[in-house]
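By convention in this document, chain letters (A, B, ...) are assigned in the order of the sequence lines, proteins followed by strands, and residues within each chain are numbered from 1.
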Amino acid sequence: MKELAMLAIDAAKARGAAYADVRLVETRVENLGTKNGKVGSYEASEDMGFGVRVIASGAWGFASSDDMSRESVEKTARAAVETALASSKVKEEELILAPESAHVAKWSTLCETDPFKVPLSQKLEHLFKVDEALRKVKGLTIAECSMGFVREKQLFASTEGSLIEQELVHSGAGMTATAVGGGDVQRRSFPSSEGHSASGGYEVIGRVKLLENAGRIAEEAVALLSADVCPSGKKDVILDGSQLCLQIHESIGHPSELDRVLGTEANYAGTSYLSLDKLGKLRLGSKYVTIVADSTLPGGLATVGFDDEGVPAQKWELVKDGLFVGYLTSRENARACGEQRSRGCMRADGWNRIPLVRMTNIGLAPGTWKLEDLIADTADGLLMETNKSWSIDQMRYNFQFSTEIAWEIKNGKKGRMLKNPNYQGISTEFWNSCDAVCDETHWWPWGIINCGKGQPGQIARMSHGSAPARFRGVNVGVAR
Amino acid sequence: MMEKARAESILRSALELSKSDEIEVCLGGGSYSLTRFANNTIHQNVSEKRNQLSVRSVFGKKSGKAVTNKLDPEGVLSAVRQSETAAAAQPEIPELLPMPGPQQYPVVDAFSPETASLPPGFRAEAVARAVRLCKKNGLQAAGYFSSGYGSLGGYGEVSPLAMANSRGLSAYHSGTEASFSITAMGEGSSGWGQETSWLVSNIDVEKVASVAVEKALLSSKPRQLEPGKYKVILEPAAVAELMAYMAWVGFGALQLQEGRSFMAGKVGQKVFGENISIYDDVYHDLLRGRPFDSEGMPRKRVTIAEKGVLKGPVYDRITASKDQKESTGHGLPVPNTSGPEASSVVLEGFQPVTPEELVKRTDRAILVTRFWYVNVVDPMKVVLTGMTRDGTFLVENGKIACGIRNFRFNQSVIELLSNVEAMSTPVRTGGCVVPGLLVRDFNFSSGTEF
């Protein structure tokens with residue numbers, strides 16, 4: 001593999017590339033699901049290929065192939081240079097990368113039990129137990145359980161002398177209970193609407209505790225059919241960690257991506273309200289809001305040794321005590337926000353895609369509250385749990401989220417269950433209305449496994465650590 | 001490219017290696033290139049070539065699947081054996097149907113050699129023309145020009161190009177596609193346009209760029225209007241977004257059988273305006289899609305609704321067997337939990353007028369170029385939410401009066417399709433063929449900062 005990587009680098013240089021890197025990626029995936037006591041889906045896949053990224057005449061080119069022959073490697077490298085030369089016909093300025101040392105290293109996810117060595121029968125047995133527990137609840141229509149495992153072996157080499165080998169392993173599981181009746185459909189998922197995934201091996205599955213929660217989740221789904229509809233108006237809202245995960249993702253994570261800020265995603269994902277003039281000046285949130293980006297987070301889905309440009313993993317603050325202080329950057333754009341080095345946020349979806357600025361693990365720092373104290377401290381509010389639907393404008397101001405379930409809070413007491421809860425707001429107003437965050441005993445690194453970005457599209461995975469938090473005077477019950 | 005003969009050779013070799021009761025093999029892949037630009041610069045320029053073999057083996061009622069992109073004899077053998085091992089380790093699926101036998105497929109002419117092999121220089125020159133137009137008008141351009149052949153999806157997903165099974169089924173289809181999209185951006189305004197076709201010569205880069213530029217210029221210094229119910233002119237891109245979501249949550253037979261579709265209890269009833277007809281038609285001249293589904297069944301043109309009356313969903317083999325019907329050729333890979341999908345939605349009904357005529361005949365309305373980040377609020381009522389984007393205007397007295405700030409909507413598509421007053425000529429937008437619509441009482445629920 002190293003020989004093929006060097007062949008690509010040499011071929012690109014021979015064609016006139018001023019810079020080149022190559023990524024050889026071998027991915028193994030296993031996904032399985034059950035539905036109402038039967039195998040609902042199963043697929044095991046293997047995939048291998050390479051991509052060559054070059055700078056020639058001050059512009060980018062990229063070509064990739066799954067043909068691993070020497071001829072194909074050389075041809076693909078030449079194609080990358082040819083493409084860069086075509087790119088150079090439409091450019092405003094020369095492309096310069098922020099400096100980075102050459103790294104020769106190996107890095108692997110901490111993995112106790114290789115999930116691909118666990119027999120399929122054992123995995124199915126676990127899911128069928130959960131499925132049975134869900135279906136024991138009278139009135140439940142659909143029980144669905146799933147598991148997924150990914151192993152990605154990467155080799156990165158560049159003309160600057162980097163040679164990095166990494167092996168990333170992700171594991172996850174989840175369940176959904178759906179009740180149908182009276183012209184209504186209600187759903188409860190656990191632990192979040194995407195289940196839970198983390199970096200690590202089969203040991204992750206045991207931590208998800210599907211079986212322990214199956215009965216409760218199914219009962220809640222059935223009860224929602226006859227629950228009252230969430231009222232409309234302004235309420236104090238406590239969001240559980242799983243919903244806060246998506247709130248962080250959409251209204252702080254994406255806007256912090258410097259490529260969006262600089263306009264390079266304008267045709268698709270959009271731009272950002274966090275323009276360069278806001279850095280160090282904008283009160284994005286209240287003093288209780290500190291947002292940390294951390295590519296070193298144990299168990300995080302974006303935890304790596306190096307990003308896909310060969311930049312080491314880092315930890316830094318995006319928001320400090322409410323003040324917006326940092327971006328997610330690449331070697332190409334770091335200088336635009338006054339930094340001399342990339343934060344290492346470039347990740348690619350496989351060998352056939354170029355690295356883009358992607359969210360790493362981004363979390364809300366824990367506060368000091370216990371959830372029960374926070375509820376007791378709330379006079380007229382809602383406790384909302386588990387994301388159901390999400391939408392936000394292309395600059396990331398106006399958002400609207402639905403959750404699967406809510407409970408009314410009156411005079412410090414958690415009361416009746418409510419269905420179809422949702423809330424809407426403007427990102428900066430919303431985060432400034434945060435007046436309490438629960439402590440580290442409630443904090444959990446929620447996994448996102450389907451973050452889409454780019455043209456052609458790419459999927460990335462990351463974790464958002466969060467604990468329940470309270471927001472004052474939120475518009476709820478808005479979709480009527 | 002993966003020629004038919006080579007594809008069939010690989011599939012045949014996999015079939016011959018099988019030790020299972022039944023085997024199904026699918027090949028997908030192709031080549032895809034995309035030139036992306038922003039800030040008047042080509043900043044990403046990529047290409048990929050890939051193929052993928054999927055093998056499903058069945059022992060009795062047990063089914064197992066393995067996927068690989070290693071297509072040499074060793075890779076094919078490994079995938080076949082892995083699928084057999086997976087099948088043996090799984091419990092029976094009582095409803096699993098025997099694989100289908102040989103089928104007849106309509107021939108779809110959707111392959112253009114020119115489109116399949118477009119060099120990067122061609123795309124760069126086209127982008128340069130669009131960028132020049134934007135710069136001339138003091139605007140920034142962002143967008144892409146893509147081209148390719150085969151069965152690679154926008155997110156790299158691979159669907160079947162060729163498939164075969166041990167009962168004699170054999171299918172092959174290869175198409176091409178080119179797409180150009182541009183967002184022209186000014187100070188506080190933007191405009192957007194896009195064209196997609198199987199034939200690159202159908203893409204008029206200058207025309208698309210001119211539309212985007214005109215919208216960006218017209219929407220400068222946007223006014224802020226209060227949210228509320230408005231008459232709207234939804235351009236085809238906006239309509240397509242809503243129809244794609246409606247199809248996703250409600251046009252499939254499994255959703256109906258499980259009581260999760262808006263169609264539940266309403267098939268045969270009039271639920272839309274009488275001038276609304278909806279089809280799933282992969283053979284539409286503007287679409288020219290693959291004539292078979294992931295089970296190898298021929299795709300049929302399906303009437304979802306005619307003159308406002310719901311006719312029924314699309315079927316795969318298993319949902320069809322439950323309703324004593326025939327598959328309509330809308331199946332996903334077996335087994336799956338989501339059921340059949342309608343992915344080639346065609347909306348028509350009114351005597352169409354030109355897009356300009358829609359504006360001319362309107363006293364006061366909001367014109368929406370496209371929606372963004374649409375999602376489902378209530379699947380049974382098909383209530384969707386989302387934002388307007390890249391060209392939202394106030395129309396007064398038959399003319400565009402000014403640009404306005406963007407809105408969030410919360411709107412039932414069922415109600416929307418009962419409130420249509422006129423439509424323009426249907427055009428292809430993404431995987432749909434839809435017109436622009438003039439609609440009364442569209443619900444904008446809040447505004448935003450731009």
Problem set entry | Contacting region of A:Ile142 [heavy-atom separation from chain B under 4.5 Å] | side chain
Problem set entry | Toward chain A, the part of B:Glu258 with a non-hydrogen atom under 4.5 Å | both
Problem set entry | chain B contact via A:Ile392 - side chain, backbone, both or neither, heavy atoms under 4.5 Å | both
For this session: Please state whether the side chain, the backbone, both or neither of A:Glu250 comes within less than 4.5 Å of a heavy atom of chain B.
Result: side chain
Exercise. Which residue out of A:Lys388, A:Glu144, A:Glu92, A:Lys91 racks up the most heavy-atom pairs below 4.5 Å with chain B?
Worked result: A:Glu92
Problem set entry | Within 6.0 angstrom of B:Lys381 NZ, more than 12 heavy atoms from elsewhere | no
Problem set entry | Reported CD-to-OG distance for the pair A:Glu43 and B:Ser83, which is rounded to 0.5 angstrom | 11.5 Å
Exercise. Does a sphere of radius 6.0 Å around NZ in A:Lys75 hold more than 12 heavy atoms from other residues, nucleotides or ligands, not counting ones at 6.0 Å or beyond?
Worked result: no
Problem set entry | Toward chain B, the part of A:Val180 with a non-hydrogen atom under 4.5 Å | side chain
Problem set entry | Main-chain N/O of A:Ala86 paired to B:Asn45 side chain as donor or acceptor, under 3.5 Å | no
Problem set entry | Region of B:Tyr32 that comes under 4.5 Å of a non-hydrogen atom in chain A | side chain
Problem set entry | Heavy-atom contact with chain B under 4.5 Å, split by part of A:Arg353 | side chain
Exercise. If only atom types and distance count, is the side chain of A:Asp66 paired as donor or acceptor with the main-chain N or O of B:Asn51 below 3.5 Å?
Worked result: yes
Problem set entry | A:Trp60 side, atom CH2; B:His43 side, atom NE2 - distance, nearest 0.5 Å | 12.5 Å
Problem set entry | Residue part contacting chain A, namely of B:Leu96, when any heavy atom lies under 4.5 Å | neither
Exercise. Given that the side chain runs from C-beta out, which part of A:Glu26 has a heavy atom under 4.5 Å from chain B: side chain, backbone, both or neither?
Worked result: side chain
Problem set entry | Options A:Gly37, A:Ala44, A:Ser41, ranked by heavy-atom pairs under 4.5 Å with chain B, top entry | A:Ala44
Exercise. A:Thr178 and B:Arg260: side chain to side chain donor-acceptor pair (under 3.5 Å), yes or no, with the steps?
Worked result: CA-CA 10 Å; A:Thr178 304; B:Arg260 296 184 290 120; over 6 Å; no
Exercise. Quick one: what part of B:Arg370 sits under 4.5 Å from any heavy atom of chain A, side chain, backbone, both or neither?
Worked result: side chain
Exercise. Side chain of B:Asn375, backbone of A:Ser389: donor and acceptor closer than 3.5 Å?
Worked result: no
Exercise. If you measure from OH on A:Tyr268 to CZ on B:Arg36, what distance do you get to the nearest 0.5 Å?
Worked result: 9.5 Å
For this session: Could you tell me which portion of B:Thr68 (side chain, backbone, both or neither) has an atom closer than 4.5 angstrom to a non-hydrogen atom of chain A?
Result: both
Problem set entry | A:Gln458 portion near chain B, given a 4.5 angstrom heavy-atom threshold | backbone
Exercise. Which region of A:Arg396, side chain (C-beta onward) or backbone (N, CA, C, O), has a non-hydrogen atom less than 4.5 Å from a non-hydrogen atom of chain B, or is it both or neither?
Worked result: side chain
For this session: Quick one: sort the B:Phe450 and A:Tyr397 rings into parallel, tilted or perpendicular, breaks at 30° and 60°.
Result: tilted
Exercise. Can you tell if the side chain of B:Ser446 reaches within under 4.5 Å of the side chain of A:Val478, non-hydrogen atoms only?
Worked result: no
Exercise. Quick one: what part of A:Leu356 sits under 4.5 Å from any heavy atom of chain B, side chain, backbone, both or neither?
Worked result: side chain
For this session: Indicate yes or no for a side-chain donor-acceptor contact from B:Asn69 to the backbone of A:Met48 under 3.5 Å, with no hydrogens or angles considered.
Result: yes
Exercise. Would you find a donor on one side and an acceptor on the other, under 3.5 Å apart, between the side chain of A:Ser391 and the backbone of B:Tyr373?
Worked result: yes
Seminar exercise, completed: Between the NZ atom in B:Lys70 and the CE atom in A:Met68, the distance rounded to the nearest 0.5 Å is 9.0 Å
